[in-house]
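Working notes, beginning with the structure itself.
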Amino acid sequence: MFKDQGNDGIDAGGGAVLSAQLSHAQIAQPAHEPSLAERYAAWRRKVSERFAEADLVPDLAEDIGSRRWLRGAGTLLGLSALALAGWPDFAPLEAAPVMRIDDPVRDEFRSQMIMPLALGADSGRHMGATDRVIPLRSAPERPRLDLEATLASGDSFTRMLERAGVGGAEADLISDMVAGAVPLGEIASGTTVDITLGRRPAPGANRPVEALSFRARFDLQLAVERRGGRLALDPRPIKVDTTPLRIRGVVGNSLYRAARAAGAPASSVQQYLRALGAEVDLDSAIASGDEFDLIVEYKRAATGEVEAGKLLYAGLMRGGKPRKQLMRWGSDGRFYEASGVGESRTGLLAPVPGRVTSGYGSRRHPILGYRRMHAGIDFKASYGSPIYAVTDGTVSFAGRHGGHGNYVKLSHGGGLGTGYAHMSRIAVSSGERVRRGQVIGYVGSTGLSTGPHLHYEMYRNGATVNPSSVSFVTRAQLSGRELANFRARLTELQTITPGAALASLTPDPDETQEPVREIDRLEAKRVR
Ligand SMILES: [Zn+2]
């Protein structure tokens, strides 16, 4: 270091002197004192000679009992002890303690989660208090507090009240009162509750509920009020008109747009097109001069809200005459034509979801060993998988049937039937009506079968046919009393005036609310 400085600093006067002195010392150094590297090399040499002399690992089979042997044995024991001392500990690792989610923690989570406001999110509005929040000892307070609480999805009414600051006992009491009028589970999430809290009886105590009101159901407003120191429930039914909504109009350029413009809800137009599309080809069968006619379930509350439900009727008129009239009927909500013929159902369900392992036709029988007709198709399926009816029908046979083992045969009308063999268990009985997709039994290996599979057969007029060659269309036909009821309902629907349900509901005179403000009262008097 000095040497470098000396060489670089020749221009400085003092530096030059120093440089002269050092270069003198440099010449003298190698002769008297060995350099660091030389000293290290000498030390290494000495140490390695010592190690070579030191007999650290004597052969313990030689000179047993000698001093050299004892020293060797001692070294071995010492090193072994050292190695054993370093043996790792295989005790189980301690896991982090399980988090206990109590109410404050739950509120903290709630305040940090992201949820749509419409579902009652309170993100960022009511932050859960943590330990770092120090409550003020005393602060001036409003005597009354008006606030809104929203019932979130998966929320409970009691917890919502408690979040709004209602005391636990009072929240329970109010929940019980509300539950007496409407089941708490039926209150829609996103329902907003207006709450008025009164003055605290003591510092730190919960504010008592003065009033609370919310829309419990489409046709029910519930209010809880404090009267004479006690809470009382006040159910206020809302008048609801359920006249179905009927929309008629000319198709024009777009049936969808024309129907929407006439006031039909979007979902109803979609249902209309779907119902009609199942019967006719929408692209070719509808002309721009045609008239559409749709009737929808509709609810109107006196407070102005509306709720559109299912499509009840879909009609298409040409030249003032009905071309297509479809009405929803029955518990499964299918559409039927005015003649009572149900909507068509094409195709068959697969009886089991597996692939076909053996087709229809002549083949060598795996058990009997000779060529014979395979009268159905085999589906690969695991033991116990459910077997479904391929379409609606009646059970014509259910039980043991020779080589078929446990066997179910369904008849579907029109001379068609299906058979399901080798079942482990039968789930229907003879004479029973089955619906398309209904479970009729479970895959097994009964009868002449080498392993679990479904042998599926199709019959036409009693003889087996290749199931993959048959595609059939089913149509239900209403008859007798049901047809009469169907026709009566259709006639009833036809009497609805188009657009009647869109007019505003005129409130009953006795339900008209008295104006609250004096100026409105005077105004009302003047108008009268
Ligand atoms: Zn088979």
Side-chain angles (χ1 to χ4, degrees), residues 278 332 334 341-477:
D332 55 351
R334 283 200 210 177
V341 176
E343 65 186 310
S344 57
R345 284 238 167 138
T346 51
L348 299 171
L349 279 183
V352 286
R355 66 186 171 86
V356 173
T357 51
S358 178
Y360 184 85
S362 175
R363 65 154 188 188
R364 195 180 157 82
H365 194 273
I367 289 180
L368 302 175
Y370 54 87
R371 284 192 82 78
R372 65 170 221 166
M373 182 66 189
H374 185 226
I377 55 179
D378 290 347
F379 283 92
K380 182 185 163 72
S382 54
Y383 190 92
S385 331
I387 299 167
Y388 308 103
V390 293
T391 186
D392 296 356
T394 313
V395 181
S396 55
F397 181 88
R400 286 201 80 85
H401 189 260
H404 280 141
N406 287 331
Y407 183 64
V408 169
K409 194 171 167 185
L410 305 178
S411 82
H412 304 292
L416 277 169
T418 49
Y420 311 78
H422 312 312
M423 288 183 179
S424 59
R425 196 155 70 79
I426 294 173
V428 288
S429 50
S430 199
E432 197 180 322
R433 278 197 60 80
V434 291
R435 300 276 305 281
R436 173 188 164 95
Q438 184 178 334
V439 174
I440 53 169
Y442 301 90
V443 171
S445 187
T446 52
L448 280 177
S449 165
T450 50
H453 76 285
L454 171 69
H455 174 83
Y456 169 67
E457 292 172 339
M458 186 168 280
Y459 295 88
R460 177 175 280 149
N461 301 324
T464 61
V465 290
N466 186 353
S468 51
S469 72
V470 176
S471 66
F472 66 62
V473 175
T474 53
R475 277 174 171 274
Q477 166 70 57

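Whatever order the structure lists them in is the order used to number ligands and atoms, beginning at 1. Heads up: numbering here begins at 1 and tracks the sequence.
- His412 pairs with exactly one of Thr394, Asp392, Thr391, Thr418 by the side-chain hydrogen bond (donor to acceptor under 3.5 Å, both in side chains) rule, that one being Thr418.
- For Asp378, the N, O or S atom closest to the Zn ion (ligand 1) goes by the atom name OD1.
- When Val408, Val439, Val428 are each tested for a side-chain contact (heavy atoms from CB on, under 4.5 Å) with Val434, only one passes: Val428.
- At distances below 3.5 Å, not a single donor-acceptor pair connects side-chain atoms of His422 with backbone N or O atoms of Gly447.
- Contact annotation: His422 places no N, O or S atom under 2.8 Å from the Zn ion (ligand 1).
- His455 lies close to the Zn ion (ligand 1), since one of its N, O or S atoms is found at a distance under 2.8 Å.
- Residues Tyr420 and Leu410 meet the side-chain proximity criterion, which asks for heavy atoms closer than 4.5 Å.
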